[in-house]
Amino acid sequence: MTSLIFVHFLLLGLRVIGTTTDTWRRCTDLLPLDLLSFVLERDTSKLVPGVHMKQAGGVRGVHFSSPHNSMSFPSSQLLVNCDLFPEEFSIVLTLKVSSIAPKRNEYIFSLMEPKKVEKKRVGEDEEERDKGNILQRNKERGVGGEEQHGERERRVESKEERGRVILGLRLSRKRLHFLFRSHRGVVERWVFRGDRLADNQWHTLVLVVGSHHGLLRQLVLVPGLDATHHICPSSDPQLAVLSVPPLLSDLPVMGREGDGHVTSYETEERVSVGLERPCSEPLQGQMWFNPLSKGLYLCDGKVWITVLEDHKRLDYLLEHQVLTTSSETHDVEVFQVPGIGVMAAMAHRSASGSAVYLWSHTGFQLYQNISTYEALAWRHFSMGKKIFLVVSNSGGGPDKLHKSETDYSVIYKWSKRRKWFVQFQTLQTHCARDWEAFTINQQTYLAVANHRQGDKNHTIDSVIYKWNRLTKSFEVHQLLLTSGAYDWEFFTVGPYHFLVVANAFDGVTTSVDSVIYVWVNGSFQVFQTIKTFCATDWEMFQIGSRVFLVVANGHRFHGNRPSRYDINSTIYELDMIGQLFVRFQDIITYSAVDWEFFSLGEEYFLVVANSFNGESYSLNSILYRWQGYEGFVPVHWLPTIGCSDWEFFSSKGESYLIYSSAKAPLSKVFKLKTY
């Protein structure tokens, strides 16, 4: 029968055990082998005739339009540090097929012996002598001994198969066939039911290609007994990923709407192997391998989620840089600009402007100064490939001699041509303490935390802005009444979108309710209220399937009573059954103004910005480590001065923390030493 897909491998130079005097090497490269990457290059003009890329369900696959198409490469490229084919191995495949002709067998892949030729080159005598013995170590065991999952049978194969097939995977109308050459030279096969695979849906199990609609996306050989623990559980079982070639990982600009041929490959060139990669919505679902950290990561549209990683454990923190700034700094925002590197935007207190720094191996260096007026916060966000910064100004503008009830915050856009941030849009705000950017249903929103209007009016509207694609600007979408708003935090749990505000003061007391909102029918509605005390920051984080929110409580104050700065900040956990956040852990803090969550390997950390204890601004901020049922326990004490913000970032395989000071013209960078 004619094979529709015939991806074969030539057996070249693979030695086997012939006699007791032979020597052989144990396998040392037992890593997943991405077979598709061996035959696919980023240059689509190099695809063999009849082989095309096609998009289905928002992802790419390889489409074979003729029953005689094949792609091949020498098997000498596989297991280069092995003399024998692995005794135990797994095969991971992702496929989509609509139907299969009743009388047709279609090969997904096969390992073939080289054809005999009359004139042999040097070394081919040994090559012919060793043919057929690649599975010698399997002897009479069959395939992994899993007879309960398939039916073992023998049959007389075609002349071509009998002469050349060593290992193969083939699909017929209702069966999946695994073929292998036994040590006696007989081609045997295991048969599995495969009729449910031809349902025009993506499946990750085995690879099957249909008559005219087959797409080949993933073909990975995993030395070892079982590959399921590498890809299960998966948030998207139909498209579970172990290793997909970069050529198929890239999504076209058109996004995920409908099936169709990919016509342009130059608009979004991305490589899935390298040191630094930004994660954004267009990259959602893409894998990234970092060779320095030996980690495999999945982009969820916002951040990289660790799939596999060489486990790191935090040993200690080393002071890496003392950065002298032009004035005190209320906030620092660390982000990455593709092609430029890691940057940090500092919200300086003075009216002389704020600075943007660029990271180098020695630390942050001044890159750009931006005109700001008593800046309180920066926020970085992106829309597609466009990068933006928005700043909260609290001091009015250059023409104002005194404070006004109205301030103007500014959005800046990164200019690829000038390699500079340029002013893009101005928005009216009221002593804005924070900006939060987020995306819902492919729409971009900005939320501003308006702290007060004038000196006394704290109960005012904070604003949700929505990006208007027609006017190319942000416009008011929703008003939410807040009390001395200090921070917004957006997060998503399953299909639900949440936005929580840190309310700090209502004009009388700091004992006010902060509010968690949930997105319903195009706007935010109240989901839950939580009593807080001058709440200055919310941080959402996940550990496994558990969802947490931690609040930074600043101080207790009511009327003319003295303030109390040693106060519990609280971690809340989402009760999935009760559908509300419940108290999980109290941590004593000292006028806390920020929490930062990060992970190293399989360890999770929280660091708090302690800013004032009632007497001094020079005190320790504390790093806490997750200890399971014990919650978070303190492990490192970091001396800070008026600490106003913490940011975690990574560069070239190394991890760092930076803090800003609202009471001294300096910031410090700490390097996280691991073992």
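All values derive from a computational prediction rather than experimental measurement.
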Side chain to side chain contact (heavy atoms under 4.5 Å, CB included) assessment of Val500 paired with Phe527: CA-CA 9 Å; Val500 54; Phe527 174 78; over 6 Å; no
Any residue meeting ring-ring contact (aromatic ring centres under 6.0 Å, His included) with Tyr517, in chain and number order, not counting sequence neighbours: none
Near-ring test Trp467/Phe381, centroid separation under 6.0 angstrom: no
Ile464 and Ser523, any side-chain heavy atoms less than 4.5 Å apart: no
Qualifying residues under salt bridge (charged side-chain N to carboxylate O under 4.0 Å, His left out), relative to Glu436, sequence neighbours excluded: Arg379
Aromatic plane relationship, Phe597 with Tyr604 - under 30° parallel, 30 to 60° tilted, over 60° perpendicular: parallel
Check: Trp414 and Ile340 side chains under 4.5 Å, non-hydrogen atoms: yes
Cys279 SG to Tyr297 OH distance, which is reported to the nearest 0.5 Å: 13.0 Å
Nearest heavy-atom neighbours spanning Pro338 and Ile387: CD-CD1, 3.5 Å
From Leu600 atom CG to Ser650 atom OG, the distance as rounded to the nearest 0.5 Å: 7.5 Å
From CG (Asp300) to CD (Gln284), nearest 0.5 Å: 7.0 Å
Residue list, ring-ring contact (aromatic ring centres under 6.0 Å, His included) with Phe648, at least two apart or on another chain: Phe598
Geometric class of the Phe491/Phe581 ring pair [parallel <30°, tilted 30-60°, perpendicular >60°]: perpendicular
Shortest non-hydrogen contact from Ser545 toward Met576: O-CE, 4.1 Å
Beyond-backbone contact of Trp626 with Phe541, side-chain heavy atoms, under 4.5 angstrom: no
Where Trp304 and Met287 come nearest, the two heavy atoms and their spacing: CZ3-C, 4.3 Å
All side chain to side chain donor-acceptor pair (under 3.5 Å) counterparts of Thr492, not counting sequence neighbours: His497
Test side-chain contact (heavy atoms from CB on, under 4.5 Å) applied to Gln579 - qualifying residues, sequence neighbours left out: none
Separation between NZ of Lys466 and CD of Gln478, rounded to the nearest 0.5 Å: 11.5 Å
Phe438/Phe490 aromatic ring centres below 6.0 Å: yes
Test log, rule side chain to side chain contact (heavy atoms under 4.5 Å, CB included), inputs Arg469 and Gln443: CA-CA 9 Å; Arg469 292 189 176 100; Gln443 300 290 330; 3.0 Å; yes
Euclidean distance, Leu446 CG relative to Phe388 CZ, rounded to 0.5 Å: 9.5 Å
Distance (rounded to the nearest 0.5 Å) between Lys413 NZ and Lys472 NZ: 8.0 Å
Set of residues satisfying side chain to side chain donor-acceptor pair (under 3.5 Å) with respect to Glu573, sequence neighbours excluded: Arg546
Within-4.5 Å side-chain heavy-atom neighbours: Phe524 and Ile440: yes
